[in-house]
Amino acid sequence: MTSDPIEHTPIAIVGAGLGGIGLAIKLREAGFDDLVVLERADDLGGTWRANTYPACACDVPSHLYSYSFAPNPEWSRTYGRQPEILNYIRSVAIEHDVVRHIRFGAELLDARWDEQGSLWRIETSRGTLTADFLLSATGLFAEAKYPRLPGIDSFAGTSFHSLHWNHDHDLSGERVAVIGTGASAVQFVPEIQPKVAQLLLFQRSAPWIVPRMDRSTLELERRLLRRIPLAQRAIRGGFYAAIETFGLISLVDQRFRHPYEALGRLQLLRQVRDRELRKKLTPDYVIGCKRAIFSDTYLPALDQPNVDVVTQPIAEIRPHSILLRDGSEHAVDTLIFGTGFTSIPTAYERYVGRDGRTLAQLYRERPQSYLGVALSGFPNFFCTLGPFGAAGNQSAIYMIESQIAYIVDALRDARSRGTRRIEVRPAAQADFVAEMARRSSSTVWLTGGCQSYYQTPDGLNAGLYPNWSFEYRQRTSRFDTAAYEVTR
């Protein structure tokens with residue numbers, strides 16, 4: 001009796017979000033048609049499938065937060081909202097015929113490098129396969145992070161994270177506590193504030209809020225963009241340049257912060273009448289130290305009679321209330337966590353390199369990679385948005401497209417040369433990580449007086465690229481074979 005042969009694919013991609021879909025499209029364009037995309041969910045879209053909280057939207061303008069090779073003249077707003085972004089990703093995947101490569105409901109359980117066979121052995125919830133090359137496009141905003149608070153499991157009311165929004169639960173007339181003031185909370189708080197009887201917003205540190213200036217687009221605008229594609233490219237370029245200027249604060253001189261901080265303070269003065277509340281909502285760190293947030297509705301929502309911004313630390317969560325360290329206690333019916341996402345996705349625990357260590361173990365030791373796309377100890381492995389592959393002042397899609405171009409060029413080079421095994425040289429990676437540390441030492445992310453997911457617990461750069469995004473694009477424009485150990 002013989003067992004069925006294990007399925008083999010030349011290329012396996014993990015994740016069907018913007019990174020995975022983009023990789024599949026560009027690989028197919030380069031002639032790689034034999035590939036599999038492993039997606040744990042039953043639909044594509046990544047973070048834009050997972051996050052459905054009220055008013056979920058992107059904080060990058062739609063014409064920039066989209067693939068350069070798939071412009072969309074039909075955006076209904078300056079900043080796309082979750083349903084529209086998800087529909088855009090679906091339409092691009094269908095148009096480029098990559099849906100047939102996606103294996104839905106195939107959660108990655110284990111991926112181990114087989115040194116003898118020079119391939120990856122992959123276990124999924126839908127079976128086993130092997131792959132010559134493993135490409136990780138695992139998103140960073142698809143797994144919820146919860147705070148460590150005494151009694152958190154004892155709460156008897158309704159509780160949920162913004163990532164797992166309970167759409168069946170009616171908040172009308174309830175006493176609602178929101179823990180966290182990150183980008184998700186800034187978006188959903190104005191949506192729920194008019195419905196609830198009381199809203200307690202627990203704030204550890206005030207975020208910088210700057211004008212969003214979102215609006216609906218006109219049919220005349222959309223018609224113009226359909227007829228003149230060059231106009232859409234010009235708009236995209238304008239948004240790119242405007243967002244890139246935020247890098248002046250960290251990459252040139254922190255004195256460039258003053259105009260941006262003045263804009264935030266003016267917004268606060270204009271939208272919050274209560275002087276004591278303004279004090280609570282005034283950040284005590286340099287703008288850019290943590291993520292600045294674009295919103296026109298958040299601050300006015302907090303300046304309402306049914307809202308209290310609480311800055312006292314939480315001592316304990318009780319079955320029907322929250323106890324603060326000053327001894328005061330607040331009755332709560334529903335508890336909502338707006339506390340962000342895990343910094344190391346579960347999949348990183350399941351990638352096992354040639355020495356038996358996981359990707360997560362290496363990242364916990366120190367954020368490390370080569371160009372944010374490769375890692376020593378992980379042959380025939382590439383990823384999107386790895387350490388030092390994300391930008392603090394630019395659209396993630398711009399960085400992802402740079403990485404996709406590099407990865408496709410690497411696989412094209414491997415195909416043309418008959419390469420069996422590729423692994424970045426330890427020295428090349430060490431030099432890159434050292435360069436990132438040098439360039440990060442004076443950035444606002446580390447010296448701006450705050451704590452954020454931009455930093456590791458020991459105060460290192462957690463993975464942002466400390467240079468201009470256009471410099472990164474030039475650097476990743478072609479596969480640099482000399483940085484790799486290559487076996488033909």
Check: L108 main-chain N/O paired with R350 side-chain donor or acceptor under 3.5 Å:
yes
When the aromatic ring centroids of W165 and F188 are compared, is their separation below 6.0 Å?
yes
Reported CD1-to-CG distance for the pair I344 and L140, which is rounded to 0.5 angstrom:
10.5 Å
Run D33 and R100 through salt bridge (Lys or Arg N to Asp or Glu O under 4.0 Å) and show every step you take.
CA-CA 11 Å; D33 194 55; R100 63 187 176 92; 3.2 Å; yes
Non-hydrogen side-chain atoms of C58 and I85 separated by less than 4.5 Å:
yes
Please determine whether the number of non-hydrogen atoms from other residues, nucleotides or ligands lying under 6.0 Å from atom CZ of R204 exceeds 12.
no
Between D42 and R49, does any side-chain N to carboxylate O distance fall below 4.0 Å?
no
Contact check, side chains of T384 and L23, non-hydrogen atoms, under 4.5 Å:
yes
Minimum side-chain heavy-atom gap F104-E39 below 4.5 Å:
yes
For a side chain to side chain contact (heavy atoms under 4.5 Å, CB included) check, start with the C-alpha distance between L446 and Y454, then their side-chain angles and the critical distance, and finish with the verdict.
CA-CA 8 Å; L446 303 186; Y454 288 171; over 6 Å; no
As a test of understanding, state which of Q82, E191, Q187 forms a side chain to side chain donor-acceptor pair (under 3.5 Å) with Y53.
Q187
Between P73 and P71, which heavy-atom pair has the shortest distance, and what is it?
CD-O, 3.7 Å
Before giving the answer on side chain to side chain contact (heavy atoms under 4.5 Å, CB included), spell out for N72 and Y67 the whole-Å C-alpha distance, their side-chain angles and the decisive distance to 0.1 Å.
CA-CA 9 Å; N72 176 26; Y67 296 118; over 6 Å; no
Considering non-hydrogen atoms only, spot the tightest contact between T476 and S402 and give its length.
OG1-CB, 3.5 Å
Please determine if D413 and R478 form a salt bridge, counting it only when a charged side-chain N lies under 4.0 Å from a carboxylate O.
no
Under 4.5 Å between any side-chain heavy atoms of R415 and F32, yes or no?
yes
Heavy-atom closest pair, residues P319 and F155
O-CD1, 3.4 Å
Give a yes or no on whether the backbone of T52 and the side-chain of H167 come within a donor-acceptor separation of less than 3.5 Å.
yes
Could you go through W113 and R421, starting from their C-alpha distance and side-chain angles, then the distance that decides it, and tell me whether this counts as side chain to side chain contact (heavy atoms under 4.5 Å, CB included)?
CA-CA 11 Å; W113 173 251; R421 185 181 185 280; 3.9 Å; yes
Distance-only, no hydrogens or angles: does the R417 side chain make a donor-acceptor pair with backbone N or O of V486 under 3.5 Å?
no
Please report the interatomic distance OG(S469) to CD(E244), rounded to the nearest 0.5 Å.
3.0 Å
A side-chain contact here means heavy atoms from C-beta on lying under 4.5 Å apart; do W445 and Q455 qualify?
no
Quick check: are there more than 12 heavy atoms from other residues, nucleotides or ligands sitting under 6.0 Å from CZ of R473?
yes
Looking at P83, is its backbone amide N or carbonyl O close enough to the side chain of N87 to form a donor-acceptor pair, meaning the two atoms are under 3.5 Å apart?
yes
Heavy-atom pair of closest approach, residues A137 and G19
CB-C, 3.7 Å
Using modelled atom types only, decide if a donor and an acceptor are shared between the side chain of H164 and the backbone of F160 within a distance under 3.5 Å.
no
What verdict does the salt bridge (Lys or Arg N to Asp or Glu O under 4.0 Å) test give for E435 and R438, after you've listed the backbone C-alpha separation in whole Å, the side-chain angles of each residue and the deciding distance to 0.1 Å?
CA-CA 5 Å; E435 177 196 346; R438 287 194 306 271; 5.4 Å; no
Shortest non-hydrogen pair, E423 vs P379, comes out as OE1-CG, 3.5 Å
Can you find a heavy atom in the side chain of F239 that is under 4.5 Å from one in the side chain of Y65?
no
R126, CZ atom: more than 12 neighbouring heavy atoms under 6.0 Å:
yes
When rounded to the nearest 0.5 angstrom, what distance separates CD1 in I25 from NE2 in H101?
10.5 Å
Short question: side chain of H161, backbone of G340 - any donor-acceptor pair under 3.5 Å?
yes
Does T47 reach the main-chain N or O of F141 with its side chain, forming a donor-acceptor pair under 3.5 Å?
yes
Are side-chain heavy atoms of F337 and P147 found at a separation under 4.5 Å?
yes
With respect to L375, which candidate in Y370, Y363, F382 satisfies the side-chain contact (heavy atoms from CB on, under 4.5 Å) definition?
Y363
Does a donor on one side chain and an acceptor on the other come within less than 3.5 Å for E84 and Y79?
no
Before giving the answer on salt bridge (Lys or Arg N to Asp or Glu O under 4.0 Å), spell out for D458 and R366 the whole-Å C-alpha distance, their side-chain angles and the decisive distance to 0.1 Å.
CA-CA 10 Å; D458 54 353; R366 181 180 185 179; over 6 Å; no
Taking the ring centre of each residue, are Y351 and F378 less than 6.0 Å apart?
no
Where is the tightest heavy-atom contact between I6 and L129, given as atom of each residue plus distance?
CG2-CA, 3.8 Å
Counting distance only, does the side-chain N/O of S136 pair as donor-acceptor with the main-chain N or O of V14 below 3.5 Å?
no
What's the verdict on side-chain hydrogen bond (donor to acceptor under 3.5 Å, both in side chains) for T245 and Y260, showing C-alpha distance, side-chain angles and the deciding distance?
CA-CA 11 Å; T245 63; Y260 299 102; 3.1 Å; yes
What's the spacing between S118 OG and D132 CG if we round to 0.5 Å?
9.0 Å
Residue E29 excluded, over 12 heavy atoms near CD under 6.0 Å:
yes
Sidechain-backbone polar pair: Y453 side chain, K290 backbone, donor-acceptor under 3.5 Å:
no
Looking at side-chain heavy atoms only, is the closest gap between L362 and Q368 below 4.5 Å?
yes
Would you confirm whether N380, through its side chain, and R420, through its main-chain N or O, come within 3.5 Å as a donor-acceptor pair?
yes
With ring centroids as reference points, do Y406 and F479 lie under 6.0 angstrom apart?
yes
Determine, step by step, whether R121 and T130 satisfy the side-chain hydrogen bond (donor to acceptor under 3.5 Å, both in side chains) criterion, reporting the C-alpha distance in whole Å, the side-chain angles of both residues, the deciding distance to 0.1 Å, and the verdict.
CA-CA 5 Å; R121 298 194 177 275; T130 59; 5.6 Å; no
Is there a side chain to side chain contact (heavy atoms under 4.5 Å, CB included) between Y472 and Q403 once you walk through the steps?
CA-CA 9 Å; Y472 181 84; Q403 292 151 13; 3.1 Å; yes
T419 side, atom OG1; R488 side, atom CZ - distance, nearest 0.5 Å:
4.0 Å
Assess K26 against F69: is NZ or CZ under 6.0 Å from the centre of the six-membered ring, and within 45 degrees of the ring's axis?
yes
How many angstroms lie between atom CG of N467 and atom CZ of R475, to the nearest 0.5 angstrom?
8.0 Å
